[in-house]
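Following: one structure in structure tokens, then a few remarks.
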Amino acid sequence: MPGRNVGADAHQRGGRPETPRPGTGAGACTACGAPPDTEAERLAAALRASESRFRAAFSDAGIGMALIDSDDLLIEGNPVFAAMLGREVAELPGMHIHQIIEPEEPSRSRYRELVRGERDRMRAEKRLKHRGGREVWGRVTVSLIRDGAGDPYYTMVMVEDVTERRQLGDRLAYQALHDPLTRLPNRTLFYERLEGAFKPDGRGGPGADGERRIGLCYVDLDGFAAVNETLGHHVGDQLLVAVAARLEHGFARDGRQLVARLGGDEFAVLVTGSGGHQQLTRLAAELMEALERPFEVAGHRLAVTASIGVVERPVHGSTPTDLVRDADSTLSWSKSDGRARWTLYDRDRGADQLARHLLATELRPAVERGEFTVEYQPLVGLADGAVRGAEALVRWNHPRYGLLPPDRFIPLAEESGAIVALGKWVLEESCRQARQWLDGFPGQPVLVSVNLAPRQIWDSDVVADVAEVLERTGLPAPLLQLEITESALLGPGGRPLQSLQALADMGVRIAIDDFGTGYSNLAYLSRLPVHALKLDATFIEAFRESAPGADGRRRAADEQIVGAMVQLAHALGLTVTAEGIEHAAQAERLRQTGCDTAQGWYYARPGGPEVIAAILRDRSR
């Protein structure tokens, strides 16, 4: 076998044998060329033959091979190994192993164990040091060769070139962690870095874990869809590339700020070593300023604005999920507050947002569980003080938050569509109660006024629903009044008008609620199937005690407006109801103005059906 101490007389003195010289037989003595006579000579001849075969295999092997002594110096290497290093075979002897292979832990520790004879083999994937600087990766197997006494003799290194596979793996890994359009880190890499920042050894800033802070800016381009729709998606893609380049160039700093594209036109800047709220809000302002500079894209000069949600907090006591959720909520606030702005997370607003979300998800099950109740507020005739009707006002008896007024959940019900089921329940409950009042006080028929949401018209067959409820409860149609807001009634589309006309043909009264706050298209009013107007409470404030100066002139103007609306309504055959009456003086002045009915705390606060029954009972005595 090849070694450092081989010599011409090795056979005679029992040293390490050398490779047979050309012209000698495989079993001949290296000194005289005579056939072997003794057992020792035959063993030596076999050893030389084995070494010859080894050298042939060593030199012609398709993988890199090398022999290394106990001082980590190369004895020799084969041509494939030399080629991997960009060297000639003759250059290899005497080179230190660390001139060839990167000395990295834990591979280095395992190699030292092998050299000391504590292990026989080790494997590792290592980067080789190519003379030309080219990247070369090898799967390295190092085996310990022992002498006859079992002591470490030298080591054999076998190297398989895996550069192509490694590079392919690196490319696949890069593609898995980067956005193919902008080349920015993608959502996957963003979440890896985010979760890493929350680990005890994460780069979340200096100091103990309780002192480490983290920040996040969620960036969403305003009106980006318009670019795709007007200039085409190819221009939109180029704009995204330009935005990404500007963000990466200006804000990917020191390894502590990661700029990522999360999808669509949404980007994120993660700050894993935050210095506090001021740093993050300053960063958000810089982001907005950078994006507001026009972009030259495909021959177009494009101006861009962005909405940014900003969250900054200590790592301790938070989680990646909390941070992303709050950043997303804050971005939504920026959008709803007018866009082209940044908004810092507000815990109180976040708690309110969370409560709204929880209420929205609980609405439909709450209807099924019977958690809603209906209160009633009387509609009183201004001429005689008699109760003409009652407005049904739904309340949510929430198991956690207590009794909730309509403004806490009706907008959520309209957004989610739960208003259809809730509205149908309120309609039936109110009609059933109105029938009980009619049975108990047949001489004093009282109508019930129920609010009708626009989605009840669009998302259900409201005409069929009303007809079914009236039949089931036995309430005469003229004792049901449906209230719909002015803006919903006078908006575009024919279906609401068709449905309301069908309801009016059934005998159901139709009232416009909050009149005066919407279109106020009085000419259109004459063609609507409407029986009553309910004036918005803001107009009624004018009928309080008069005030001097400009405030007094404004109230006088409001009184004239109300008077004009009442006269017009009467000319069209409509009745007028004033809402929000709080004082006797208001009621009297509105009576003089010509209003027909009124409601408000002056007469009664909303309450259970017994409130209306008590008033009817008192008048029947």
Side-chain angles (χ1 to χ4, degrees), residues 177-179 182-222 240 242-293 304-335 337 340-347 349-350:
L177 298 175
H178 290 78
D179 174 52
T182 64
R183 305 296 182 185
L184 286 179
N186 62 10
R187 182 181 292 269
T188 301
L189 181 53
F190 167 78
Y191 277 104
E192 284 185 6
R193 286 285 299 275
L194 177 62
E195 291 172 1
F198 277 84
K199 294 179 180 179
D201 58 347
R203 300 185 65 185
D209 187 66
E211 300 173 356
R212 295 189 296 121
R213 304 185 69 87
I214 190 167
L216 178 60
C217 289
Y218 254 23
V219 183
D220 188 86
L221 304 184
D222 298 326
L240 290 175
V243 168
R246 190 174 292 182
L247 293 179
E248 184 177 31
H249 177 74
F251 301 97
R253 303 168 183 165
D254 302 330
R256 290 190 178 274
Q257 288 187 191
L258 175 75
V259 178
R261 183 190 179 201
L262 302 183
D265 60 341
E266 190 170 287
F267 299 84
V269 181
L270 175 65
V271 182
T272 56
S274 171
H277 295 88
Q278 291 184 349
Q279 177 188 349
L280 263 293
T281 55
R282 186 168 58 251
L283 173 62
E286 293 172 355
L287 286 166
M288 292 192 63
E289 182 180 356
L291 293 176
E292 287 173 355
R293 297 196 304 271
V304 173
T305 62
S307 299
I308 302 176
V310 183
V311 180
E312 198 282 338
R313 62 183 52 156
V315 169
H316 182 71
S318 186
T319 67
T321 301
D322 294 339
L323 192 74
V324 171
R325 180 200 62 212
D326 294 341
D328 193 52
S329 297
T330 309
L331 176 60
S332 298
W333 302 344
S334 291
K335 292 284 189 183
D337 290 346
R341 68 188 65 226
W342 58 264
T343 303
L344 181 64
Y345 179 74
D346 180 277
R347 189 174 299 276
R349 187 172 180 178

Hey, what do you get for CG (L258) to CZ (F251), rounding to the nearest 0.5 Å? 14.0 Å

Spacing of F190 atom CZ and E195 atom CD [to the nearest 0.5 Å]: 10.0 Å

Which heavy atom of [X] sits nearest to which heavy atom of [Y], and what is that distance?
X: A327; Y: L216; value: CB-CD2, 3.7 Å
X: A268; Y: L262; value: CB-CD1, 3.8 Å
X: A252; Y: V259; value: N-CG2, 3.8 Å
X: K335; Y: S307; value: CD-OG, 3.6 Å

Set out, in order, the CA-CA distance, both residues' side-chain angles and the distance that settles side chain to side chain contact (heavy atoms under 4.5 Å, CB included) for I214 and L270, then state yes or no. CA-CA 8 Å; I214 190 167; L270 175 65; 4.0 Å; yes

Which residue is it: R213, Q257, E312? I am looking for the one with a side-chain hydrogen bond (donor to acceptor under 3.5 Å, both in side chains) to S274. E312

Residue pairs meeting salt bridge (Lys or Arg N to Asp or Glu O under 4.0 Å), one or both in residues 314-329, sequence neighbours left out, come to R313-D326, D322-R325

Enumerate the salt bridge (Lys or Arg N to Asp or Glu O under 4.0 Å) contacts for residues 259-271, please, sequence neighbours excluded, ordered by first and then second residue. D179-R261

Check ring pair (Phe, Tyr, Trp, His ring centres under 6.0 Å) between W342 and all other residues, then give those that pass, not counting sequence neighbours. none

Can you name the residues that form a ring pair (Phe, Tyr, Trp, His ring centres under 6.0 Å) with Y345, not counting sequence neighbours? W333

Kindly indicate, with the supporting measurements, whether the criterion side chain to side chain contact (heavy atoms under 4.5 Å, CB included) is fulfilled by V311 and Y218. CA-CA 9 Å; V311 180; Y218 254 23; over 6 Å; no

Of all residues at least two apart in sequence or in a different chain, which pass the salt bridge (charged side-chain N to carboxylate O under 4.0 Å, His left out) check with D337? R349

Residues at least two apart in sequence or cross-chain that pass salt bridge (charged side-chain N to carboxylate O under 4.0 Å, His left out) with R341, listed by chain then number, are none

Kindly write out the residues that satisfy side chain to side chain donor-acceptor pair (under 3.5 Å) with [X], not counting sequence neighbours, or none if the list is empty.
X: R187; answer: none
X: T330; answer: none
X: T305; answer: D222

For T188, enumerate each residue passing the side-chain contact (heavy atoms from CB on, under 4.5 Å) test, keeping only those at least two apart in sequence or located in another chain. L177, N186, E192

For R183, what residues pass the side-chain contact (heavy atoms from CB on, under 4.5 Å) criterion, not counting sequence neighbours? Y174

Spell out, as yes or no, whether a donor-acceptor pair under 3.5 Å connects the side chain of R193 to the backbone of T272. no

Residues 278-292 side chain polar contacts: donor-acceptor under 3.5 Å, at least two apart:
from: Q279; atom 1: OE1; to: G275; atom 2: N; distance (Å): 2.4
from: T281; atom 1: OG1; to: H277; atom 2: O; distance (Å): 3.1
from: T281; atom 1: OG1; to: Q278; atom 2: O; distance (Å): 3.1

pair L247-V269: side-chain heavy atoms closer than 4.5 Å: no

